[in-house]
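Model, not experiment: these values are computed from the prediction.
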Amino acid sequence: MSRLATFTLLACLLQQHTHILAQTADPDPWQPTSRPDRVILTWSDDPTATQSVTWRTSVAVTQGIAEIAPAEPGPNPEKVATQLNATMEVLETTSSTAHCHSVTFTGLKPATRYTYRVGDGKTWSEWFQFRTAAAEPAPFSFIYFGDAQTDLRSQWSRVIRGAALEAPKAAFMLHAGDLINRAESDSEWGEWFAAGGWLNGMLPSIPVPGNHEQAPADENGPQLSRHWRRSFTLPENGPEKLQESCYTLVYQGVRIVALNSNERQQEQAAWLDQVLTDNKEPWVICCFHHPLFSTGANRDNRALRETWKPILDKHRVDLVLQGHDHTYGRTGLETPAAGGTNADTGAGVRDAFTGTVYVVSVSGPKMYRLQRHPFMRRQAENTQLFQIIHVNGNQLSFEAFTAAGELYDAFTLTKQPGAINLLEDRIPDTPERLRPPVQAEPAKKASEAFEKPTTKQ
């Protein structure tokens, strides 16, 4: 065979091999298509009469549409469904450009089940269902997750799915920040949505941003991930420049306050004080990312504690749910006052007995060493957990489960007229999940208390 013929044959073989590799290579699973994905329920207004839904498509879909109808036992809801046009925003990432669509259903009846689907008029999602909140206080349960953050598809998925199996009739899911690890990583956001799957389209989510939802700051200062407001449709009733990251809503007698602990803490303090002054609901639950009492080794968010805890004390907030420290810790009703260090109750710093229970938890597999506190009733490290909270009249019950489905912590709060809540510990008779202690290091300075978000994308 001549040299020319040999080169020609090799060129043909290389071309065929390249073509085969192109056909067999795994496609990017997170690329948007004309089929709706990342469908998620949230609230941007009154849960008794509205419901918001957000989803994603490729840029080929230029007009999103949602259809909704009262849920009936029979098929073919499209025959009686009402159709609404969606609002659209462009989401540009390093791997794709997508269209994010959102609709808020309004004029709904309280305590009523509805079915809905989203699409473009030709390509549709499946039909999902949701139930509106009751107009008056009524018993319900919800699920609370600490940081998911890493290994979302492989290791966090069992936690969110296990929680849904444990509380199949939960009213919503609350996420205490650090949903993902890299603020602008579209693949990580894809994994977060995939882990929840269809649950996100059936159970509304109430998320607050963590430091890992913070994109690198620009000339305007701190910036939320571009994914945040395009992925979630949330209330815009918070302070200026914190729309959809600091907000409040009411669900069946519970005032839920979501705070953004990453920035503008003083502005949020004034807003929080006003919200709680005006509050008429019997129960108040606050959620934010950075703990007032850090359970991660060598951490102390003193500046945040000094800013927000006096307001929480003043209004006797019932429950504060947090993340960030990748360990578990739960207080009783007595906690150190706002001044001093993380656990210092020494000279001049008295304990505060205001009836507030503080919880820090983690749901993903990323783990930290534990900072032990004598005022914590239950702590754990190296443990993935989810929490189910039940509200029924004058009682609030809290249960923390491990990823293996074992009850790890529990307590009940009971309202008492003219007095702080009554706390009943219901801790199971099982050992605390604590590794041998390590030699303590000096606590971080207040200026170092907030972990800087990564800039790697």
Side-chain angles (χ1 to χ4, degrees), residues 24-33 35-42 53-58 91 93-98 100 125-126 128 143-168 170 172-215 225-228 230-232 289 323-324 326 361-368 382-387 401-405 453-454 456-457:
T24 58
D26 289 336
D28 182 352
W30 313 120
Q31 289 293 309
T33 69
R35 185 173 300 278
D37 66 7
R38 304 187 186 183
V39 179
I40 187 165
L41 292 178
T42 54
V53 58
T54 312
W55 71 97
R56 187 191 75 151
T57 66
S58 69
L91 174 61
T93 72
T94 57
S95 59
S96 67
T97 300
C100 295
S125 71
E126 63 269 50
F128 295 97
I143 304 168
Y144 147 55
F145 299 103
D147 303 29
Q149 193 169 342
T150 61
D151 296 304
L152 298 159
R153 180 177 176 272
S154 63
Q155 296 193 59
W156 184 63
S157 54
R158 68 173 179 141
V159 178
I160 184 172
R161 296 169 190 178
L165 290 174
E166 191 68 39
F172 57 84
M173 300 181 286
L174 187 152
H175 301 271
D178 281 4
L179 285 59
I180 44 76
N181 189 47
R182 295 176 296 172
E184 306 295 18
S185 172
D186 188 67
S187 62
E188 290 183 12
W189 283 102
E191 287 196 22
W192 186 86
F193 277 99
W198 60 265
L199 290 172
N200 294 324
M202 301 281 279
L203 299 182
S205 288
I206 300 177
V208 301
N211 52 294
H212 284 270
E213 278 78 54
Q214 298 294 302
S225 166
R226 72 191 71 172
H227 287 261
W228 188 266
R230 292 168 177 83
S231 298
F232 307 125
H289 184 61
H324 188 59
H326 297 256
S361 191
V362 57
S363 59
K366 180 182 178 183
M367 296 294 163
Y368 292 167
N382 201 38
T383 306
Q384 291 177 258
L385 302 114
F386 61 85
Q387 291 72 216
F401 293 88
T402 70
T454 179
K456 182 180 178 183
Q457 304 302 332

What's the shortest heavy-atom distance between [X] and [Y], and which atoms?
| X | Y | result |
| --- | --- | --- |
| R38 | W30 | NH2-O, 3.8 Å |
| A170 | L203 | O-CD2, 3.1 Å |
| Q387 | G146 | NE2-N, 4.5 Å |
| S363 | Q384 | O-NE2, 2.9 Å |
| A183 | Q214 | CB-O, 3.5 Å |
| L152 | L179 | CD2-O, 3.4 Å |

Check whether [X] reaches the backbone of [Y] with its side chain - one donor and one acceptor, N or O, closer than 3.5 Å.
| X | Y | result |
| --- | --- | --- |
| T57 | P36 | no |
| Q31 | S95 | yes |
| Q149 | D178 | no |
| E213 | S225 | no |
| H326 | M367 | no |
| S96 | A98 | no |
| D147 | H324 | yes |
| H289 | A176 | yes |

Is the F232 ring parallel, tilted or perpendicular to the W228 ring (thresholds 30°, 60°)?
perpendicular
Geometric class of the F145/W156 ring pair [parallel <30°, tilted 30-60°, perpendicular >60°]
perpendicular
Enter the distance from [X]:[atom1] to [Y]:[atom2] here, rounded to the nearest 0.5 Å.
| X | Y | atom1 | atom2 | value |
| --- | --- | --- | --- | --- |
| W189 | R226 | CH2 | CZ | 12.0 Å |
| M202 | I40 | CE | CD1 | 14.0 Å |
| N181 | E191 | CG | CD | 11.0 Å |
| L41 | I206 | CG | CD1 | 11.5 Å |

Walk me through it: do H175 and S205 pass the test side-chain contact (heavy atoms from CB on, under 4.5 Å)?
CA-CA 7 Å; H175 301 271; S205 288; 3.7 Å; yes
Stepwise, does the side-chain contact (heavy atoms from CB on, under 4.5 Å) test hold for H227 with D186?
CA-CA 8 Å; H227 287 261; D186 188 67; 3.1 Å; yes
Set out, in order, the CA-CA distance, both residues' side-chain angles and the distance that settles side-chain contact (heavy atoms from CB on, under 4.5 Å) for F193 and N200, then state yes or no.
CA-CA 8 Å; F193 277 99; N200 294 324; 4.1 Å; yes
side-chain contact (heavy atoms from CB on, under 4.5 Å) assessment of Y144 paired with S361
CA-CA 9 Å; Y144 147 55; S361 191; 3.6 Å; yes
Go through F386 and F401 one step at a time and tell me if the ring pair (Phe, Tyr, Trp, His ring centres under 6.0 Å) criterion holds.
CA-CA 5 Å; F386 61 85; F401 293 88; 5.5 Å; yes
Side chains of T93 and E184: closer than 4.5 Å at any heavy-atom pair?
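T93 vs E184: side chains apart.
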A side-chain contact here means heavy atoms from C-beta on lying under 4.5 Å apart; do T150 and P365 qualify?
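Of all side-chain heavy-atom pairs linking P365 with T150, at least one is under 4.5 Å.
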